[in-house]
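Worth knowing before you read on, the calculation uses all heavy atoms, side chains too, and leaves out hydrogens, waters and symmetry mates.
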Amino acid sequence: MPSHTCIDPQDQYAQAEVLVTFETVADGVRLVSAHNASDDDILPGLEDLQRRALASEILEDYRHACGSGPPMGS
């Protein structure tokens, strides 16, 4: 399952990161977990807007690096 380092949506200063594990789906990505520096999975406590921000960051980084489309699992 692929993973990606994203800005922690709970950090108001955008300095902390979370390691997001995800799966690719037809319309983008499905988030599986988001582990912070303490290795706590913060995904269950995130609001929909924060989850969408993580998914958007993953897709935007992939599009910037590779052209277009969701990242493929390995």
Side-chain angles (χ1 to χ4, degrees):
M1 201 169 301
S3 61
H4 186 80
T5 302
C6 295
I7 295 170
D8 185 340
Q10 296 179 324
D11 178 14
Q12 64 181 350
Y13 300 108
Q15 295 175 337
E17 296 179 330
V18 293
L19 182 61
V20 180
T21 303
F22 62 93
E23 296 177 335
T24 57
V25 293
D27 60 346
V29 296
R30 183 183 75 79
L31 305 178
V32 176
S33 66
H35 289 266
N36 62 16
S38 299
D39 202 29
D40 296 322
D41 185 3
I42 64 167
L43 188 63
L46 297 180
E47 297 176 9
D48 287 339
L49 180 64
Q50 293 170 313
R51 291 169 181 249
R52 287 192 304 266
L54 290 174
S56 178
E57 184 177 342
I58 292 167
L59 291 171
E60 182 62 30
D61 285 355
Y62 180 80
R63 287 183 181 120
H64 178 70
C66 300
S68 64
M72 300 307 295
S74 49

### Message
Once side-chain hydrogen bond (donor to acceptor under 3.5 Å, both in side chains) is applied, what residue pairs with a partner in residues 29-47 remain, sequence neighbours excluded?
### Response
Thr21-Ser33, Glu23-Arg30, His35-Asp39

#### Entry: Least distance between heavy atoms, Phe22 atom then Met1 atom
O-CG, 3.1 Å

### Task
With sequence neighbours left out, write down each residue that passes side-chain contact (heavy atoms from CB on, under 4.5 Å) with Gln15, or none if nothing qualifies.
Asp11, Tyr13

### Task
Evaluate side chain to side chain contact (heavy atoms under 4.5 Å, CB included) for Ile58 paired with Val20, printing each intermediate quantity in order.
CA-CA 9 Å; Ile58 292 167; Val20 180; 3.8 Å; yes

## Note on the structure
Sequence neighbours excluded, the answer for side-chain contact (heavy atoms from CB on, under 4.5 Å) partners of Glu57 is Cys6, Ile7, Asp61

### Query
Applying the 4.5 Å side-chain criterion to the ILVMFWY set and letting contacts propagate, would Leu59 and Leu19 be lumped into a single cluster?
no

### Summary
The reported gap from CD1 in Ile42 to CG in Leu54 (rounded to nearest 0.5 angstrom) is 7.0 Å

### Arg51: partners by side-chain contact (heavy atoms from CB on, under 4.5 Å), with sequence neighbours left out
Leu31, Leu43, Leu46, Asp48

### Gap separating the CD atom of Glu17 from the CG atom of Asp8, nearest 0.5 angstrom
9.5 Å

